Structures are given as C-alpha cells and as structure tokens.
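Step one of this worksheet: look at the structure below.
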Amino acid sequence: MPAEASTGNDRAQAFRIHDNASEKVTTDEHQAIGTPGHPWGDAEITEWRTRQTRKRSYESDVLQRLEGLRSNFDIEQFGLLEYPPDRYPLIALRSRNWRDDLPSALITGGVHGYETSGVHGALKFAEEHAADYVGRINLLVVPCVSPWAYERVHRWNPGAIDPNRSFRENSPAPESAALMQLLAPLRDRFLMHIDLHETTDTDESEFRPSLAARDGIEYVPGEIPDGFYLVDDSETPQPKFQQAIIDRCAIPHNNGSLSRQSADNVRTVRCRAGRSGTCCNRFCVGPQPNSIRGDRLGPMGN
Ligand SMILES: [Zn+2]
C-alpha cells in the first residue's frame, strides 16, 4: 500500500465509497417518529421499519461470492432469518480439515449492517488470504451477521434492535442469538476474535439521534473517533496484541517510518469490551478480541 493512501484525497475517496452505499435518511425523519421524550412502542417501530428500503442485495453481494470459497472452506448455513417477505440464510465459512490441535480464529463482519467494509473485508480476507493459514490455524468467518440491515444500510434489525447490544441469554435479536448458538460448542476455543466494524459519517448525524428518539431520551452530541482504530478491553488490556495489529495496518513511508497521518489515525480506544451485550470479548481465551473500525481497512491485507 503506497504512502499516498493516507492522503486527504484517499480519505475522501474512502468516505465517498461509503456515502455511495448509503442513502441517508435525515435526522428529522427519524425524530418525527413517535412523541419526543417517550420511548418507541410497537407502532413507532413498525412506522420506522416501513420507512426502511432495500438498497442493495445480500444475495448478490455475499451469497453469490461463496461459491469461489469452497476450496478452502466448508460453507455452512447456521440460521435463517424470516422477515416476511424476506428470508436470509445466515452463513459461516469453516476451514476445511478443521483440526482441534490447531489454534482457532473467529472473524465476524456485518454485526452492524451499515458498516459495509467489515462485510467485504471478511469476504476479501477469505478469498485472498485464508489459504495462507491452511494447516496453521482454524478459521471461522461469518461475513454478514445482520443481512436485513446490510440491505437497508442500517445499524438495527427490523425490530429497531441493535444486534451488538444483544449478545446475551434470551437475546431479543435473532441475528445475535443465531451467532451465539453457532459458537456455543466452540466457546473459549478461539485464540482470537476479530469483529470488524466501521465508523460511519452518519453515526452522529443520524444513528445516535435516532437512538435517542427510539429510547425517548434527549440527544446529546458525542464524538466518534475519526480514522482507523481498535477497541481494547480496559479490564484486560492487550497492548502488545493491539500494537501488532497497528504495526501491520499503519501505512509506512518509503523510508519505513509511519506517516504522521497514519500514526494519528491508527490507535486503540479502550472500553469495557464485551459488556452491554457486545459481540467482542465473548468467545475467546487468548488475546482479547477486538473491534476493528474504519473505512481504511485495506492495508490489513497488504
Ligand atoms: Zn459497528
């Protein structure tokens, strides 16, 4: 990846790609649902759902890419989401010749359907790099956890539920429940879990305001970190693991030093990962699983 990749032009390009995929709904439209100060009920959620339109195809973007992966993976349907009139088979890619004596890694994308790069990053990794790990590590890749939201470029499922706050017993989100069921036999077997997320321009302009409207609380503007960042667990931090990923992702100048922009934009944010029903930090025994966010995920594969 050339150093130029970190220039402002490239950043703009990365965001344009995302913006092209998004058909933005204004904050006003979300806030117009229901009564300010009152949480949404079934009627408001139904009204919200009817406003969501299908903007892209899980079938063509994800399912049709699976055929090319059969040489390295067993392709497994682990669930079926029934959201009439739509039905979404949930797909996992499991290393062929899985060996219990090898370490295992879990890669998940599309827990938030509007975070496009995670879905395509997981598929691209499976297509272009998974073969490098044959006989060294078992891989389980779930490229698109929340396909209804992927098609509508949204964060929530049809019930206005955030799957990444729903990884808990008796989950209200079928997406989360299905993934937990898939992983239950493998719980604590994974050395690493990379959960791919993305910071979108719409987090502050659209989704956090609509979250406040849904819950009937006042929207308080926040700050979404810009750039490419990792999320570590503040209770069991893994700085060496985080640094190894940063070293791999940061974009070097020709002389080998990191560009200032890269160094500034590749960083670790600590939080209490795995709390509040988030996906990460649930299935591992090794280095803490992490969310990797950012449109500029490309350098990972280089
Ligand atoms: Zn996310």
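Since this is a predicted model, take the numbers as computed values, not measurements. All ligand and atom numbering here is 1-based and tracks the order in the structure.
- Metal site remark for the Zn ion (ligand 1): Glu115 contributes an N, O or S atom at a distance under 2.8 Å.
- Among the heteroatoms counted here (N, O or S) of His197, ND1 is the one nearest to the Zn ion (ligand 1).
- The N, O or S atom of His112 with the smallest distance to the Zn ion (ligand 1) is ND1.
- The ring pair (Phe, Tyr, Trp, His ring centres under 6.0 Å) test applied to Phe125 returns Tyr133, not counting sequence neighbours.
- Every residue two or more places apart in sequence or in another chain that forms a side chain to side chain contact (heavy atoms under 4.5 Å, CB included) with Leu66 is listed here: Leu63, Leu69, Ile75, Ile91, Leu93, Leu123.
- In the hydrophobic clustering of ILVMFWY residues, with side-chain heavy atoms under 4.5 Å counting as a link, Leu196 and Phe190 come out together.
- Using a 4.0 Å cut-off between charged nitrogen and carboxylate oxygen, Asp162 and Arg214 do not count as a salt-bridge pair.
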